[in-house]
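Here the structure comes first, spelled out in structure tokens, and everything after it is commentary.
Side chains are part of it too, since the values below use all heavy atoms of this structure and drop only hydrogens, waters and symmetry mates.
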Amino acid sequence: MDIKVVNKSEIIKYVAVVLAFVLLITTVVFGVKNNNANKSNEELNSQLAENESLLSEKESENKVLQEEKNNLDKLYKDALDKNVYQESMVDDLNKQIDELQKQISKKKGDKNEEKTVLPRPIPAEGKTVYLTFDDGPCSLTPEILDILDKYNVKATFFVVNGKYNYLMKEIVDRGHKIGLHCYKHNYKTIYSSDEAYFKDLQKISDVVEKETGVKADIIRFPGGSSNTISKKYSDGIMTRLTESVVEKGYAYFDWNCYNGDADGEKNINKMVTNCSKFPKKTDKVVVLMHDNKEATVKALPYIIEYYKSCGMEFGVLEKGMEYTNHTIKN
């Protein structure tokens with residue numbers, strides 16, 4: 001067998017060719033990868049630039065929104081401060097007006113009081129008069145309480161909700177009877193349904209209990225149990241309510257005498273004369289008045305003196321006492 005002798009230079013040449021080929025392949029592969037990497041970097045850079053642009057836009061939008069929010073917050077705060085300031089001013093002005101009215105009354109005096117002459121007394125020994133005041137308490141209530149204290153007379157107050165609720169405690173602390181009138185003196189709302197009435201009644205009951213600790217058990221219907229305005233909103237509601245309030249543990253009281261302040265009467269002589277027109281066949285005279293009427297404050301001393309001149313006693317309304325209320329008309 002013949003053995004072929006390979007020349008060393010040929011081997012070197014062959015190896016060189018192989019290496020050159022490998023180098024070429026490697027260069028091509030690296031170039032392709034590098035090109036792809038460059039493209040990926042370009043795409044990433046482009047995406048990054050786009051994201052940075054979007055982020056910048058969002059930051060600008062957020063900045064605008066934040067400025068708008070800050071402006072709205074400032075406007076709200078300014079409006080709130082202004083409202084509180086205005087409410088404070090109104091309260092201060094009301095106090096100043098009340099004080100000025102008192103000063104004017106003291107300086108000028110009351111001509112009607114000077115000319116007031118009590119009606120001829122009617123012998124009424126054995127009768128009890130119950131002075132009742134609706135729609136308070138109000139700024140005039142302390143004057144009413146002072147007059148009652150002066151004559152050592154107790155009265156009954158049928159109260160409503162208002163900014164003078166704190167005076168409810170003073171009414172009770174001075175030994176007077178407190179009863180429920182209504183939370184919101186609005187016939188359309190109160191008499192729209194049985195449920196609406198009792199919702200309103202519960203609210204004023206809660207107010208009284210919170211302010212005084214007393215669970216009131218006597219009430220007076222707005223307009224009295226004989227009112228007909230309720231028919232406009234709910235037919236037969238007074239017939240139902242007068243039965244329901246008793247079932248719920250209340251006693252309700254109307255009146256059989258009044259001083260006329262509900263009709264706008266301001267003449268003291270006429271108010272006292274109205275109070276002298278009490279029913280002669282009953283031993284209980286329940287007088288309707290309102291402690292938010294200035295004329296009533298002025299007339300009250302004369303009303304009390306008149307009843308005393310008739311020999312009448314004074315009392316407060318209580319659950320369980322016998323009394324004839326108005327005839328129901330709805």
Side-chain angles (χ1 to χ4, degrees), residues 97-158 171 174 176-177 181 185 220 222-224 226-227 253-317 326:
I97 290 171
D98 289 342
E99 185 60 33
L100 286 172
Q101 286 177 338
K102 291 179 182 178
Q103 292 178 13
I104 291 172
S105 295
K106 287 181 180 179
K107 289 181 179 180
K108 290 186 176 181
D110 194 306
K111 295 181 180 180
N112 286 330
E113 287 186 12
E114 294 174 2
K115 298 178 181 179
T116 298
V117 178
L118 296 180
R120 184 182 299 276
I122 301 171
E125 289 81 1
K127 291 183 182 292
T128 303
V129 60
Y130 301 86
L131 303 180
T132 69
F133 299 90
D134 288 6
D135 295 353
C138 67
S139 61
L140 299 175
T141 302
E143 293 183 64
I144 295 282
L145 294 174
D146 288 343
I147 294 170
L148 294 172
D149 282 351
K150 178 182 177 182
Y151 287 94
N152 194 27
V153 168
K154 302 305 177 186
T156 304
F157 292 79
F158 291 101
I171 289 172
R174 294 208 197 186
H176 304 287
K177 181 73 174 182
H181 195 35
H185 210 302
R220 173 169 285 162
S226 61
N227 82 81
F253 291 92
D254 291 317
W255 57 93
N256 53 22
C257 183
Y258 77 113
N259 70 350
D261 63 0
D263 298 324
E265 183 60 72
K266 295 181 180 180
N267 183 280
I268 295 176
N269 280 317
K270 289 183 179 179
M271 295 177 85
V272 179
T273 298
N274 286 337
C275 289
S276 71
K277 298 176 181 178
F278 56 84
K280 307 305 183 287
K281 295 182 179 181
T282 179
D283 62 350
K284 295 180 178 64
V285 177
V286 180
V287 186
L288 170 64
M289 296 182 283
H290 297 78
D291 53 328
N292 61 355
K293 302 293 185 181
E294 190 172 347
T296 291
V297 178
K298 296 176 181 178
L300 185 58
Y302 300 101
I303 293 172
I304 293 174
E305 289 175 7
Y306 172 75
Y307 286 129
K308 283 182 175 290
S309 72
C310 295
M312 303 173 74
E313 299 294 328
F314 292 83
V316 297
L317 299 175
H326 295 170

Taking all heavy atoms of Thr273 and all of Ser276, pick out the closest pair and write down the distance. O-OG, 2.5 Å
Between Glu143 and Val297, the two heavy atoms sitting closest are OE1-CG1, 3.8 Å
Contacts of type side-chain hydrogen bond (donor to acceptor under 3.5 Å, both in side chains), residue Thr296, not counting sequence neighbours: Asn259, Asp261
Might you work through the side-chain contact (heavy atoms from CB on, under 4.5 Å) test for Val272 and Ile303, ending with a clear yes or no? CA-CA 5 Å; Val272 179; Ile303 293 172; 4.1 Å; yes
Leu288 vs Asp134 side-chain heavy atoms within contact, under 4.5 Å: yes
Could you grab the distance from atom CD1 of Ile304 to atom OH of Tyr151, nearest 0.5 Å is fine? 6.5 Å
Set of salt bridge (Lys or Arg N to Asp or Glu O under 4.0 Å) partners for Asp149, sequence neighbours left out: Arg174
Is any side-chain heavy atom of Glu305 closer than 4.5 Å to a side-chain heavy atom of Lys308? no
Considering all heavy atoms of both residues, which atom of Pro119 and which atom of Tyr306 are nearest to each other, and what is their separation? O-CE1, 3.5 Å
If you measure only the distance, is there a donor-acceptor pair under 3.5 Å linking the side chains of Tyr307 and Glu313? no
Counting only pairs under 3.5 Å, give me each side-chain donor-acceptor contact of residues 121-128, with atom names and distances, residues two or more places apart or in other chains.
| from | atom 1 | to | atom 2 | distance (Å) |
| --- | --- | --- | --- | --- |
| Lys127 | NZ | Lys280 | O | 2.9 |
| Lys127 | NZ | Thr282 | O | 2.3 |

Output all residues satisfying side-chain hydrogen bond (donor to acceptor under 3.5 Å, both in side chains) with Tyr258, sequence neighbours left out; order by chain, then residue number. Asp263
Value rounded to 0.5 Å, distance of CG in Asn292 from CG in Asp135: 5.0 Å
Atom NZ of Lys270 with >12 non-hydrogen neighbours under 6.0 angstrom: no
So how far is it from Cys138 SG to Glu294 CD, rounded to the nearest 0.5 Å? 10.5 Å
Inter-residue atom distance Lys177.NZ - Thr132.OG1, 0.5 Å rounding: 14.0 Å
Under the criterion side-chain contact (heavy atoms from CB on, under 4.5 Å), which of Leu300, Thr141, Leu145 is the partner of Asp291? Thr141
Please list, chain by chain and in numerical order, all residues satisfying side-chain hydrogen bond (donor to acceptor under 3.5 Å, both in side chains) with Asn274, sequence neighbours excluded. none
Working for side-chain contact (heavy atoms from CB on, under 4.5 Å), residues Val153 and Ile147: CA-CA 9 Å; Val153 168; Ile147 294 170; over 6 Å; no
Given Cys275 and Val287, is the side-chain contact (heavy atoms from CB on, under 4.5 Å) satisfied, shown in steps? CA-CA 7 Å; Cys275 289; Val287 186; 4.1 Å; yes
Which value, rounded to the nearest 0.5 Å, describes the distance between Phe158 atom CZ and His181 atom NE2? 9.0 Å
side-chain contact (heavy atoms from CB on, under 4.5 Å), that's the test. Do Tyr302 and Leu118 meet it? Break it down for me. CA-CA 7 Å; Tyr302 300 101; Leu118 296 180; 3.8 Å; yes
For the residue pair Asp254 and Gly224, what are the closest heavy atoms and their distance? OD1-CA, 3.5 Å
Contacts of Tyr130 that satisfy ring pair (Phe, Tyr, Trp, His ring centres under 6.0 Å) - sequence neighbours left out: none
Would you say the side chain of Asn152 lies within less than 4.5 Å of the side chain of Phe314, judging by non-hydrogen atoms? no
Identify the two heavy atoms, one from Glu265 and one from Asn267, that lie closest to each other, and give their separation to 0.1 Å. OE2-N, 3.0 Å
Just verifying a value: how many Å separate Leu317 CG and Trp255 CH2, rounded to the nearest 0.5 Å? 12.5 Å
Centroid separation His176 to Phe157 less than 6.0 Å: yes
Pairwise side-chain contact, Leu131 with Leu148, heavy-atom cut-off 4.5 Å (strictly under): yes
